[in-house]
Number of protein chains: 2
Amino acid sequence: MTPVPPRGFPRAEFERRTDRAQRAMRRAGLDALLVTAPQQVRYFTGFDTQFWESPTRPWYVVLPASGEPVAVIPEIGAPGMRATWVTDVRTWPAPNPADDGVSLLAGTLRELAGAGGTVGAELGRELQLRMPAGQLPEIAERAAVTIADGTPVIRRCRHVKSELEIDKIRFACRVASDAYAGVPELIRAGDTERTVVQRLRADLVNRGADTSPYLIGVAGQGGYDNIIMGPTDRPLGPGDVLIIDTGTVFDGYFCDFNRNWAIGTADDAVRRAYDAVWRATEVGIEAARPGARVCDVWRAMADVLAGAGSGGNNVGRLGHGLGLQLTEPPSNHPEDRTVLAEGTVLTIEPGMEFAPGRMMVHEEDIVIRDGGAELLTTRAAPHLPVVA
Amino acid sequence: MTPVPPRGFPRAEFERRTDRAQRAMRRAGLDALLVTAPQQVRYFTGFDTQFWESPTRPWYVVLPASGEPVAVIPEIGAPGMRATWVTDVRTWPAPNPADDGVSLLAGTLRELAGAGGTVGAELGRELQLRMPAGQLPEIAERAAVTIADGTPVIRRCRHVKSELEIDKIRFACRVASDAYAGVPELIRAGDTERTVVQRLRADLVNRGADTSPYLIGVAGQGGYDNIIMGPTDRPLGPGDVLIIDTGTVFDGYFCDFNRNWAIGTADDAVRRAYDAVWRATEVGIEAARPGARVCDVWRAMADVLAGAGSGGNNVGRLGHGLGLQLTEPPSNHPEDRTVLAEGTVLTIEPGMEFAPGRMMVHEEDIVIRDGGAELLTTRAAPHLPVVA
């Protein structure tokens, strides 16, 4: 039994994150870093709210070249932000259509980056600017700063996880592993994709998960044609293959892995595809070592799939980073030369189209360790489970 | 018992949305509208996936000045998008760090808006661009188009809901109303904010909700100091006031309303605050009629709160629009002069700080009707419920 990790992080964790960012900022020539998205705000401050669901108000955190982060946020967030390690919390009464933080942020950027300074922002791939994008030029002009791409700094910070972060991911993986083990008992005659998935959703909560922002279920005769739609009201029937994939969260940290079941019976093509993808997963886990490039992990897995007659797949990669988001850089992709380091958390996610419109995808979560990967998930069964 | 509405929408609904957008685009001088965020993509196409949780790949939908929308999306989305009413689905193998849809989107914009054309994008307040913001200038240049703010067009489209949309919101409201009614039976000795909220989360699923992306619980002695943090592991005790607020979803459509309970006992100040905010809600519901401005609704409620000795509150408004998002325009705010129309869905959300650090906030969901507002939620009890 994995113990429930403590929530939040000690101050030292945020100091290390700040220091890591500021060193990367110096190398990148940034005088400040501006972040707006939930994951970045949480990473640097520890601030955690579900209120991100409301798109009305922008929230800003500015990391200066030295010193602690400064929060520039709507008044509604003040009690929560003041409970974090951040001491410089600047608020405005929001929403204010005439000036929703624009003046306050511009003044803060000018103060912290200096007139003529350069400010990094979330402008690059796999990031989104959570603010009215049309206001960024005005803010830059009023602050007298240049906006540059802060993506490399953010990516550098979040790539390697601390042990405290890994503990949370491991716990999310454990909760979902235990829940997946019980899925055969959850499936009843007459069930649809949706009824099974919703029963599992409640079960995940009861086992200690916070939420499951990603919980799909897709079934198809002899295989599914995609892994991102569903669940639908399609009834499960004999010969279906059901895949369930979940991004379930504990204290902000995701697991992301799937499991496959055959309903009643399975043909040989499905069984062979399952075995091949299971073997590709083994090979991927084995290849994921400190110093390896993620494209090398991809290559090792792709060779197994090709040998099993893979017709490719529409997912576009064979796994990815994992942490505060369901998917993070790097990508297990032939063009991604990111070097794996101890503490990198990855999904190993081989998939193949083994017949037209019939896919088989597996997934496990690992953390890169000196002696080889640590498996965070309970490894999938080596042969396709058939639910009676 | 509210029947479970059908999922999705008939093709005619999407044709009406397209037509409404294109008329607004003509008035705004836009040759095309580019949307990237889940709610806009879903609004115009019906495409529904939880895969938005993965920030890796951008997704684009382009609405031309006439004709049907065109999807420009990663290959992984093709099976799902082809199942919608959209027939022109253009895909690229993603992720592709070297060109993640940039060429394909630029070519599509050039074709649909014409060289020298103007393309509206999600640049304004309460919207976010879900793509690498730094790539927008390059895309515009390669497409030979000018990017303008598409916010007024999007806001115009989404402001008034169809009866089919209202049916889904009403169902979400009904599920949450029924679940709230059972909360006193869910609370057990020794419970924390988190244990109560997580039990309610499972209950909402069991009652037919899809998910509860927003489900907070905050308790405080004699009142809470905020309504957006929590739940935490703070144990509930006698004299606490507990507020639970949920944005629970059915088929993409949110409810958003809260309820308050006293634990064991409540002092007079809390009881008076509850009664005052309940009366302000009545006044707000009464004031919300077709042709009224939302600032008038605000004023009617603010007068009641001021008369009850309100010290203001940090929420910054007294309600807002509701639909595909937890909060949508307009704001019940003194500066918002939006005119209410039949089919506008609003939350009526008066709140006040009745003593330092002690807040009381109520919330109900309504739809504007010719003869007066239709209440979508089961009205809160007129006096503060006390849980034994």
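Chain A is the first sequence line, chain B the second, and so forth, proteins listed ahead of strands; every chain is numbered from 1.
Applying the side chain to side chain donor-acceptor pair (under 3.5 Å) test to Asp225(A) and every residue at least two apart in sequence or in another chain returns nothing.
Phe254(A) is listed as a side-chain neighbour of Glu53(B), based on a closest heavy-atom distance under 4.5 Å. Contact of the Asn314(B) side chain with the Pro79(A) side chain is registered, since non-hydrogen atoms from C-beta on lie closer than 4.5 Å. Considering only heavy atoms from C-beta on, Arg194(B) comes within 4.5 Å of Arg7(A) through its side chain. Residues Leu326(B) and Pro55(A) have side chains not in contact (no heavy-atom distance under 4.5 Å, counting atoms from C-beta outward).
The part of Ser331(B) that comes within reach of chain A is its side chain, from C-beta onward, which places non-hydrogen atoms under 4.5 angstrom from that chain. Neither the backbone nor the side chain of Ala83(B) has a heavy atom closer than 4.5 Å to any heavy atom of chain A. Only the backbone of Leu127(B) comes within contact range of chain A, judged by heavy atoms closer than 4.5 Å. Neither the backbone nor the side chain of Asp245(B) has a heavy atom closer than 4.5 Å to any heavy atom of chain A. There is no contact between Asp203(B) and chain A, counting heavy-atom distances below 4.5 Å. For Pro93(A), no part lies near chain B; criterion is any non-hydrogen pair under 4.5 Å.
Residues Pro95(A) and His333(B) come closest through the heavy atom pair O-NE2, 3.0 Å. Of all heavy-atom pairs between Ile216(A) and Gln50(B), the closest is CG2-NE2, 3.7 Å.
If you take CD on Gln135(B) and CG on Leu123(A), they are separated by 10.0 Å, rounding to the nearest 0.5 Å.
The closest donor-acceptor contact from the side chain of Thr49(A) to the backbone of Ile228(B) lies under 3.5 Å. No donor-acceptor distance shorter than 3.5 angstrom exists from the side chain of Arg125(B) to the backbone of Asp100(A), with no hydrogens or angles considered. Checked by atom type and distance alone, the side chain of Gln198(B) never pairs as donor or acceptor with a backbone atom of Val205(A) at under 3.5 Å.
No other option in Asp256(B), Leu136(B), Thr211(B) has as many heavy-atom pairs under 4.5 Å with chain A as Thr211(B). The residue among Gly357(B), Pro329(B), Gly316(B), Ala209(B) with the most heavy atom pairs within less than 4.5 Å of chain A is Gly316(B). Here Leu215(A) is the residue among Thr151(A), Ile227(A), Leu215(A) with the most heavy-atom pairs under 4.5 Å with chain B. When Pro58(B), Ala133(B), Ala78(B), Pro97(B) are compared by the number of non-hydrogen pairs under 4.5 Å with chain A, Pro97(B) comes out ahead. The residue among Arg57(B), Glu122(B), Met131(B), Gln39(B) with the most heavy atom pairs within less than 4.5 Å of chain A is Arg57(B). Between chain B and the residues Thr232(A), Leu129(A), Asp210(A), Asn206(A), the most heavy-atom pairs under 4.5 angstrom are made by Asp210(A).
Looking at His320(A), Glu328(A), Gln325(A), Arg317(A) one by one, the single match for side-chain contact (heavy atoms from CB on, under 4.5 Å) with Thr56(B) turns out to be Arg317(A).
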